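Reminder, nothing fancy here: chain letters follow the sequence lines and each chain counts from 1. This structure is a prediction, so every number in the text was calculated from the model and none was measured. Below, each value reflects all heavy atoms present in this structure, side chains not excepted, and no hydrogens, waters or symmetry copies.
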2 protein chains.
Amino acid sequence: MSLKVRINRSPAPPEPCMLTECMAVIAGAWAPNVIWCLRMGPRRFNELRIDIPPISAKVLSTRLSELTERGVVQRHVRDTSPPSVEYELTELGRELLPALDAIVKVGHKLKARGQLGVNN
Amino acid sequence: MSLKVRINRSPAPPEPCMLTECMAVIAGAWAPNVIWCLRMGPRRFNELRIDIPPISAKVLSTRLSELTERGVVQRHVRDTSPPSVEYELTELGRELLPALDAIVKVGHKLKARGQLGVNN
DNA sequence: CCGGATCCCAAAAGATACTG
DNA sequence: CAGTATCTTTTGGGATCCGG
């Protein structure tokens with residue numbers, strides 16, 4: 001018979017492509033880092049640049065725009081004497097922190113095994 | 001005084017770049033999907049291709065190699081009559097599932113708000 | 001049937017310089 | 001200070017072909 005192709009997941013999972021779309025939330029170089037750096041509170045543009053040394057202004061700017069657009073980050077403009085802008089995680093953004101944390105944990109274990117950064 | 005630059009995170013966080021390295025574990029198109037599809041048990045190459053329709057053979061092959069190399073996935077070769085190869089998550093790989101799950105949850109919420117897939 | 005090797009193209013990241 | 005504009009470079013995915 002041809003029905004022993006394995007238990008192939010029953011009704012047609014909506015998941016596979018969903019995941020890809022969801023991953024897009026944190027897509028782009030440094031995006032997870034930006035979220036991570038905002039975890040302890042609001043932060044200004046140049047502060048983030050300092051937090052994440054190798055990031056370029058353009059990329060930081062782009063990522064912040066995207067994340068803001070996606071509702072993960074909120075932007076506050078205070079036009080005080082020197083106009084300053086603050087970025088802050090939204091409620092939704094905070095929900096990503098456990099996810100990033102979980103990934104970091106696995107990353108640490110892999111690193112301990114020397115399997116990260118040595119490959120490919 | 002000049003020490004009101006904000007609480008800028010004390011001693012030099014090892015995190016920022018760590019996160020980037022850790023994200024590399026699940027880097028590459030469809031990598032999260034592959035992990036996701038393996039969550040319910042071992043799966044063969046062509047089964048995975050069917051699970052994730054838009055993936056190309058090359059990319060699937062590449063991702064599987066990388067994930068195997070990183071200790072997230074295990075490869076079993078059974079040289080039976082028609083040689084078949086099975087892929088399976090390792091213990092470490094399973095630890096990524098909660099992380100992916102958390103991301104999916106946020107993704108769903110964003111999608112409900114229509115902020116995913118409409119932007120940029 | 002499984003998957004590696006090669007070529008090509010698009011997207012994205014980095015650097016630099018410039019503006020409100 | 002907080003970005004944007006332009007350019008160049010690199011990466012990586014897709015298609016196809018080829019080998020075991």
Exercise. Quick one: which of C:dC1, C:dG14, D:dA2 gets closest to the side chain of A:Lys58?
Worked result: C:dG14
Exercise. Separation of A:Leu64 atom CG from D:dG3 atom P, in whole Å?
Worked result: 7 Å
Exercise. Looking at D:dA2, C:dC2, C:dA13, which one has an atom nearest to any side-chain atom of A:Ala29?
Worked result: C:dA13
Seminar exercise, completed: Rounded to the nearest 0.5 Å, the CG atom of A:Leu48 sits from the CG atom of A:Asn33 at a distance of 10.5 Å
For this session: Mind checking side-chain contact (heavy atoms from CB on, under 4.5 Å) for A:Leu97 and listing every partner two or more places apart, or none if nothing turns up?
Result: A:Ile35, A:Trp36, A:Arg39, A:Leu89, A:Arg94
For this session: With heavy atoms under 4.0 Å as the rule, sort A:Thr62 into base, sugar-phosphate or nothing.
Result: nothing
Seminar exercise, completed: Quick note, A:Trp30 side chain, CB onward, closest among C:dG14, D:dT16, D:dA2 is C:dG14
For this session: Determine the contact category for A:Arg63: base if any of its heavy atoms lies under 4.0 Å from a base atom, sugar-phosphate if only primed atoms, P, OP1 or OP2 are that close, otherwise nothing.
Result: sugar-phosphate
For this session: Would you classify A:Arg75 as touching base, sugar-phosphate or nothing, given that sugar-phosphate means primed atoms plus P, OP1 and OP2, and contacts are heavy atoms under 4.0 Å?
Result: sugar-phosphate
Exercise. Nearest-Å distance, CZ (B:Arg44) to C1' (C:dC2)?
Worked result: 10 Å
Exercise. With side chains defined as the heavy atoms from C-beta onward, is the minimum distance between A:Phe45 and A:Val85 less than 4.5 Å?
Worked result: no
Problem set entry | Distance below 4.0 Å between B:Ser61 side-chain N/O and C:dG4 OP1 or OP2 | yes
Exercise. Which part of the nucleic acid does B:Arg49 contact within heavy-atom distance under 4.0 Å: base, sugar-phosphate only, or nothing?
Worked result: nothing
Exercise. Where the side chain of B:Ser56 is concerned, which of D:dA2, C:dC1, D:dG14 is the nearest nucleotide?
Worked result: D:dG14
Exercise. Taking the side chain of A:Ala57 as heavy atoms from C-beta outward, which of D:dG3, C:dC7, D:dT6 is closest to it?
Worked result: D:dG3
For this session: Identify which nucleotide among C:dC2, D:dG13, C:dG14 has an atom closest to any side-chain atom of B:Val59, counting heavy atoms from C-beta outward.
Result: D:dG13
Exercise. With a 4.0 Å cut-off, would you call B:Glu95 and A:Lys105 a salt bridge?
Worked result: no
